[in-house]
Amino acid sequence: MGVKKIPMRMCVVTREKYPKQELLRIVKFEDEVSVDPTGKKNGKGCYIKKSREVVDKARRNKAIDRALETTVLESLYDEILKYID
């Protein structure tokens with residue numbers, strides 16, 4: 001039996017690749033942006049590293065807004081922090 005491949009994804013803030021389990025998926029579906037802890041929701045998704053510093057940086061430079069091509073509400077960042085803590 002071979003070695004199992006680990007799926008890698010890129011964080012939209014740090015632009016570094018991490019294993020999928022270390023990242024949190026954010027999804028835009030029908031103009032609604034939400035956190036996707038399962039990683040299986042429909043829609044356009046982007047990944048962010050599970051780190052308070054990275055979330056604060058994303059809030060400042062609007063990385064999630066650019067990745068999902070929409071305006072993200074401040075409440076989404078608070079929701080992301082709840083999943084990280």
Side-chain angles (χ1 to χ4, degrees):
M1 189 164 215
V3 178
K4 194 167 187 178
K5 185 178 171 202
I6 299 172
M8 302 291 279
R9 300 290 184 265
M10 187 189 309
C11 174
V12 293
V13 180
T14 63
R15 309 298 290 171
E16 294 178 43
K17 289 198 172 194
Y18 297 98
K20 196 173 171 183
Q21 291 77 27
E22 292 180 23
L23 301 170
L24 187 62
R25 185 166 185 249
I26 314 298
V27 176
K28 175 183 137 187
F29 183 66
E30 295 180 353
D31 294 329
E32 181 188 337
V33 180
S34 61
V35 178
D36 179 13
T38 63
K40 296 181 190 226
K41 282 186 181 179
N42 288 334
K44 181 174 183 152
C46 69
Y47 292 87
I48 186 167
K49 188 172 185 220
K50 294 179 183 176
S51 162
R52 185 173 284 277
E53 294 81 28
V54 172
V55 174
D56 290 338
K57 188 174 179 184
R59 187 180 293 203
R60 284 193 309 271
N61 69 15
K62 306 226 179 282
I64 297 174
D65 293 51
R66 281 195 309 275
L68 297 179
E69 301 168 352
T70 188
T71 303
V72 175
L73 300 175
E74 285 294 314
S75 60
L76 179 76
Y77 294 104
D78 298 330
E79 190 179 340
I80 292 170
L81 289 173
K82 285 179 191 172
Y83 281 99
I84 291 172
D85 293 337

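Given the structure is predicted, the values throughout are model-derived calculations rather than measurements.
- Scanning all heavy atoms of the two residues, the minimum distance from Phe29 to Asn42 falls at CB-O, 3.5 Å.
- To the nearest 0.5 angstrom, Asp31 atom CG is 11.5 Å from Leu68 atom CG.
- The backbone N or O of Val27 sits nowhere less than 3.5 Å from a side-chain atom of Asp36 that would complete a donor-acceptor pair.
- Pairing each heavy atom of Thr14 with each of Cys11, the nearest pair is OG1-CB, 3.3 Å.
- Among all heavy-atom pairs drawn from Ser51 and Ile84, the shortest one is N-CD1, 3.7 Å.
- Between Lys28 and Glu69, the closest heavy-atom pair is NZ-O, 3.6 Å.
- With a 4.5 Å cut-off on side-chain heavy atoms, Ile48 and Val55 count as touching.
- Of all the heavy atoms in Val12 and Cys46, the pair that sits closest is CG1-CB, 3.6 Å.
- Scanning both residues, Val54 and Val13, for their nearest heavy atoms gives CG1-CB, 3.7 Å.
- Salt-bridge annotation for Arg9 and Glu22: absent, with no side-chain N of the basic residue lying under 4.0 Å from a carboxylate O of the acidic one.
- Taken to the nearest 0.5 Å, the CG atom of Leu76 stands 5.5 Å off from the CD1 atom of Ile26.
- Of the charged side-chain nitrogens involved, none lies within less than 4.0 Å of a carboxylate oxygen, so that Glu16 and Lys49 do not count as a salt-bridged pair.
- A salt bridge links Asp78 with Arg59; the closest basic N to acidic carboxylate O contact falls under 4.0 Å.
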